[in-house]
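Structure first, commentary second.
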Amino acid sequence: MSSPTGAPPMLRAEQVCKEFDSLRVLKGISLEVARGEVMCLIGPSGSGKSTFLRCINHLERITSGRLYVDGEVMGYHDRGGRLHEMHPRDAAAQRRDIGMVFQRFNLFGHRTALENVVEAPLRVKGVPRADAARRAMALLDRVGLTSKADAYPAQLSGGQQQRVAIARALAMEPKLMLFDEPTSALDPELVGEVLDVMKALAQDGMTMVVVTHEMGFAREVADTVVFMDDGVVVESGEPQAVLTDPQHQRTRSFLSKVL
């Protein structure tokens, strides 16, 4: 899927590197995600997928390279070709347009499902409480949880908590959604309910980057599958090509263990 004529891709990574002390985790990641595209990142644990996701919204500072979201450099001001790191307040403002759903749901345990979804629009965007509550109820309906609006996280299953987390991310009306193995902490019987919500988002045209081990989801929903290993992109392409007829031995070896 390509971006509309003249529009920049929603996400562009140019030779992105990330080091933790002397450990090189990302070794020059370059890729593009068009508007409305779903990209699934697959690969073994420790390959750098989650680190790359956190770099996209500047939760991790990149060591070198550039990351653009909707044509803007993330986390830095570009002044005459030189990058200067933004004030944390400015970086946080950029981050508002990017929703992120983590492995662990990270809900506020002392707040109901509705209150969890209302919180960010209310406090970050200054949306009036009544408007934020109406929008939150619509989002809980979208993820199939209107009946759980007054329930606390401890009263919800893992799948329900993750669906609340998705609704909470959507409440900020993001232009890009990032998912970091959103089903890995769930019991197997709860995985489907979360993937169904993500499929519906994809059908509605949400731009998504998904780190996942769910190969069936990647095959069905992704426009592009990227296989990462040891901090590099080994192979990328349409799901059918990458998952059914991989060209690289490292990809074939990985898929032989997970398919």
Side-chain angles (χ1 to χ4, degrees), residues 9-33 37-70 72-76 83 85-86 88 90-92 94-106 162 165-166 169 174-186 194 198 206-215 217-218 222-237 242 248 250-251 253-255 257-258:
M10 183 59 74
L11 170 67
R12 184 165 83 247
E14 296 179 352
Q15 290 297 314
V16 171
C17 296
K18 174 62 181 176
E19 298 178 5
F20 293 98
D21 297 323
S22 59
L23 179 64
R24 296 182 67 213
V25 178
L26 300 177
K27 304 172 182 177
I29 303 294
S30 295
L31 52 79
E32 289 189 359
V33 182
E37 181 178 356
V38 178
M39 176 177 284
C40 284
L41 305 180
I42 65 171
S45 297
S47 59
K49 306 183 303 297
S50 294
T51 297
F52 177 64
L53 215 62
R54 291 173 65 84
C55 287
I56 292 172
N57 62 3
H58 204 58
L59 287 175
E60 295 285 358
R61 294 181 179 89
I62 62 176
T63 305
S64 62
R66 296 192 183 202
L67 275 164
Y68 299 83
V69 172
D70 200 14
E72 291 188 4
V73 181
M74 284 302 297
Y76 297 88
L83 295 184
E85 188 166 10
M86 286 181 175
D90 296 329
Q94 277 191 323
R95 205 175 288 129
R96 292 174 195 168
D97 291 330
I98 304 173
M100 187 155 186
V101 179
F102 299 87
Q103 297 178 39
R104 297 288 175 178
F105 326 120
N106 295 346
Q162 193 62 295
I166 293 172
K175 61 179 71 171
L176 171 65
M177 283 284 285
L178 309 177
F179 293 86
D180 188 8
E181 298 188 32
T183 61
S184 65
L186 301 180
V194 174
M198 295 171 63
M206 175 62 73
T207 310
M208 298 160 58
V209 181
V210 185
V211 173
T212 186
H213 292 294
E214 300 290 340
M215 297 300 140
F217 174 84
D223 297 290
T224 304
V225 171
V226 173
F227 173 66
M228 288 179 60
D229 191 19
D230 195 28
V232 300
V233 172
V234 176
E235 188 163 354
S236 66
V242 175
H248 293 264
R250 289 158 79 184
T251 316
S253 176
F254 171 75
L255 292 174
K257 297 179 178 68
V258 298

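What you see is a predicted model; the values in this text were computed from it and never measured.
Residues Ser50 and Asp180 have side chains that bring a donor and an acceptor to within less than 3.5 angstrom of each other.
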Tabulate below the donor-acceptor pairs under 3.5 Å that side-chain atoms of residues 17-24 make, not counting sequence neighbours, or state none.
{"from": "Lys18", "atom 1": "NZ", "to": "Arg61", "atom 2": "O", "distance (Å)": "2.7"}

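Qualifying ring pair (Phe, Tyr, Trp, His ring centres under 6.0 Å) partners for Tyr76, counting only residues two or more places apart in sequence or in other chains: His58. Legend: residues meeting salt bridge (Lys or Arg N to Asp or Glu O under 4.0 Å) with Glu14, ordered by chain and number and at least two apart, are Arg12. Applying the side chain to side chain contact (heavy atoms under 4.5 Å, CB included) rule to Gln94 yields the partners Glu72, Met74, Met86; only residues at least two apart in sequence or on another chain are considered. Taking the ring pair (Phe, Tyr, Trp, His ring centres under 6.0 Å) definition, one finds that Phe227 meets it with Phe254, sequence neighbours left out. Applying the side chain to side chain contact (heavy atoms under 4.5 Å, CB included) test to Asp230 and every residue at least two apart in sequence or in another chain returns Lys27, Arg250.
Remark: side-chain polar atoms of Lys49 are paired, donor with acceptor, to backbone N or O of Gly43 under 3.5 angstrom. With hydrogens and angles ignored, the 3.5 Å screen pairs a side-chain donor or acceptor of Glu235 with a backbone N or O of His248. At least one donor-acceptor pair under 3.5 Å links the side chain of Arg95 to the backbone N or O of Asn57. Not one N or O on the side chain of Thr212 forms a donor-acceptor pair closer than 3.5 Å with the backbone of Glu181.
For the pair Phe52/Leu178, no side-chain contact is recorded, criterion being any heavy-atom separation below 4.5 Å from C-beta on. Pro182 places a side-chain heavy atom less than 4.5 Å from the side chain of Met198. At a threshold of 4.5 Å between non-hydrogen side-chain atoms, the residues Asp97 and Leu176 do not count as touching. Contact of the Leu11 side chain with the Glu32 side chain is not registered, since no non-hydrogen atoms from C-beta on lie closer than 4.5 Å.
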Go through the steps to decide whether Glu37 and Thr224 satisfy the test side chain to side chain donor-acceptor pair (under 3.5 Å), and finish with yes or no.
CA-CA 8 Å; Glu37 181 178 356; Thr224 304; 2.5 Å; yes
Is there a side-chain contact (heavy atoms from CB on, under 4.5 Å) between Ile42 and Val226? Walk through the geometry before answering.
CA-CA 6 Å; Ile42 65 171; Val226 173; over 6 Å; no
